[in-house]
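The next block holds one structure in the form of structure tokens; read it before the comments.
We name chains A, B, ... by the order of the sequence lines, and we start the count at 1 in each one.
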There are 2 protein chains.
Amino acid sequence: MKYTEAKEELIQAWGNLGYSWGLNKTMAQIHALLMISTKPLSTEEIMQELAISRGNANMNIRALLDWGIVSRVSIPGERKEYFKSEKDTWSLARQVARERRKRELEPILKILREVSEVSNDGTDETKEFRKVVKDLKNFAEKSDNLLETFIKAEESWFWNSIIKLLK
Amino acid sequence: MKYTEAKEELIQAWGNLGYSWGLNKTMAQIHALLMISTKPLSTEEIMQELAISRGNANMNIRALLDWGIVSRVSIPGERKEYFKSEKDTWSLARQVARERRKRELEPILKILREVSEVSNDGTDETKEFRKVVKDLKNFAEKSDNLLETFIKAEESWFWNSIIKLLK
DNA sequence: AACATGTTTCAATAAAACCTGAAAGTTTCG
DNA sequence: CGAAACTTTCAGGTTTTATTGAAACATGTT
């Protein structure tokens, strides 16, 4: 397989995967581009490679900075801004986990805590509701702890434990 | 907090969460409804509760059946079909993990395996590309194994191991 | 067969998400 | 200051995705 073809395909696939991780397609594609680039890229270069507009490039780069998985790089003597991606897959995953925890798990936990205060009026509906919410809360809290551990863990420690688990 | 209010809020929140799990909003809301219902519901009842059309209800119920997290129930003497959700949070999570693995992780693994065959022409670009792909592949494979274990695991065994991990 | 009861499909429509490009804004430097 | 170099914003246009509702389809029942 040729390089340009492989590159094309990876960017495409990354676009889809990123999408299911809560990024959007373009965001994920910019990220893929930066992942495989040997050097930081400017907005200009990104626009060109992906054939997207300046506004689009700008907005999605900002979103990536927001997620904390891309950073600005200044090159001495140049006024343009350049961008590079965190390349270590492990830190990348940790960062994504951190964001998703903040954006998704925490809000639902908040709601679950709120609605678990529903007044018990003795009807079956309420009883069932309380039961379901309790279970969900329990699960969500366990997941939250697990995620937190993941986020804080060292790579080697984590995988070693997991490998033990898998055996 | 009153029941109807709590119910409303939970359905709303579940809609959002479900969305970030790869379901769509309505699908997730139907699911929430079935989770807290004390009895199986008919299409009619679902339409009413969520104020959605028949077509919409039908399509999303089908999608939930497809994901394997909702099942049909027939009530003797009734012609209508009723639906109920798997209520055990743990099996639910397992089922979602199973589907997402199939729908997301496997496709990207396939691509990663393909593009890792990129011919090494000695340029820096190719070198970097091969390195990145190798790392990603490694990570994706580890995740795949972990997911598989999760999917196959017994609840108690899994959480016990995790609790040990967390300590 | 005609009817009643329920389910599925799908073309049209509506809503949401996304992208563009030009204009406005900012920073740097002579 | 004023111009050049670069970045950000945002109204309007495009694409994608979700929803409706009515017609077609099934499956009994009389």
Side-chain angles (χ1 to χ4, degrees), chain A residues 11-34 39-67 70-84 100 103-104, chain B residues 11-12 14-34 39-67 70-84 103-104:
Chain A
I11 289 177
Q12 211 51 42
W14 205 244
N16 294 336
L17 186 68
Y19 190 74
S20 63
W21 278 21
L23 317 189
N24 75 24
K25 205 178 103 237
T26 306
M27 223 173 134
Q29 289 184 342
I30 294 176
H31 182 249
L33 197 58
L34 293 173
K39 56 177 195 6
L41 300 179
S42 66
T43 304
E44 213 72 38
E45 289 165 308
I46 291 169
M47 285 166 59
Q48 236 211 359
E49 283 273 359
L50 300 178
I52 59 177
S53 73
R54 186 173 298 284
N56 196 8
N58 184 278
M59 275 161 74
N60 283 295
I61 290 169
R62 189 136 46 74
L64 284 165
L65 292 169
D66 227 59
W67 270 72
V70 159
S71 51
R72 287 176 208 274
V73 184
S74 0
I75 295 189
E78 291 239 30
R79 257 174 82 182
K80 231 179 281 187
E81 283 185 329
Y82 288 80
F83 304 93
K84 73 171 204 291
R100 296 198 64 175
R103 291 167 199 233
E104 295 163 19
Chain B
I11 289 177
Q12 211 50 43
W14 205 246
N16 293 336
L17 186 68
Y19 190 75
S20 63
W21 279 20
L23 318 189
N24 77 24
K25 204 179 101 236
T26 306
M27 224 173 133
Q29 289 184 343
I30 294 176
H31 181 249
L33 198 58
L34 293 173
K39 57 178 194 5
L41 301 178
S42 66
T43 305
E44 214 72 39
E45 289 165 309
I46 291 169
M47 284 166 59
Q48 237 213 356
E49 284 273 359
L50 300 178
I52 59 177
S53 73
R54 185 173 299 283
N56 196 6
N58 184 276
M59 275 161 76
N60 283 295
I61 290 169
R62 190 136 45 74
L64 284 165
L65 292 170
D66 227 59
W67 270 71
V70 158
S71 52
R72 288 177 208 273
V73 184
S74 2
I75 295 189
E78 290 240 29
R79 259 172 79 182
K80 233 179 279 188
E81 283 185 330
Y82 288 81
F83 304 94
K84 72 170 205 288
R103 291 167 200 231
E104 295 162 21

message: Can you pull out every salt bridge (charged side-chain N to carboxylate O under 4.0 Å, His left out) where at least one residue sits in residues 53-63 of chain B? Sequence neighbours excluded, please.
response: B:Glu44-B:Arg54
task: Anything under 4.0 Å to a heavy atom of chain B counts; send over the first and last such nucleotide of DNA chain C, read 5' to 3'.
output: C:dA4 to C:dC10
- line: Here the residues of residues 47-63 of chain B within 4.0 Å heavy-atom distance, strictly under, of DNA chain C are B:Arg54, B:Gly55, B:Asn58, B:Met59, B:Arg62
task: Apply side-chain hydrogen bond (donor to acceptor under 3.5 Å, both in side chains) to B:Glu49 and list each qualifying residue two or more places apart in sequence or on a separate chain.
output: B:Lys7
query: Can you name the side-chain contact (heavy atoms from CB on, under 4.5 Å) partners of A:Asn24, sequence neighbours left out?
result: A:Thr26, A:Met27, A:Asn60
task: Please report, rounded to the nearest Å, how far the C1' atom of D:dA4 is from the NZ atom of A:Lys80.
output: 13 Å
task: Identify, with sequence neighbours excluded, every residue that meets side-chain contact (heavy atoms from CB on, under 4.5 Å) alongside A:Leu65.
output: A:Ile61, A:Val70, A:Arg72, A:Phe83
- prompt: OP1 or OP2 of D:dA18 sitting under 4.0 Å from any side-chain N/O of B:Thr26?
  reply: no
message: Just verifying a value: how many Å separate A:Leu33 CG and A:Gln48 CD, rounded to the nearest 0.5 Å?
response: 11.0 Å
query: Among all residues two or more places apart in sequence or in another chain, which pass the salt bridge (charged side-chain N to carboxylate O under 4.0 Å, His left out) test with A:Arg103?
result: A:Glu99
- prompt: Listed by chain and number, what are the salt bridge (charged side-chain N to carboxylate O under 4.0 Å, His left out) partners of A:Lys39, not counting sequence neighbours?
  reply: A:Glu45
field: 5'-most by nearest nucleotide on DNA chain C - B:Arg79 or B:Tyr19
entry: B:Arg79
- prompt: Which part of the nucleic acid does B:Glu81 contact within heavy-atom distance under 4.0 Å: base, sugar-phosphate only, or nothing?
  reply: sugar-phosphate
May I have the list of side-chain donor-acceptor pairs in residues 12-21 of chain A shorter than 3.5 Å, sequence neighbours left out?
from	atom 1	to	atom 2	distance (Å)
A:Trp14	NE1	A:His31	ND1	3.0
A:Ser20	OG	A:Leu17	O	2.8
A:Ser20	OG	B:Glu104	OE1	3.3

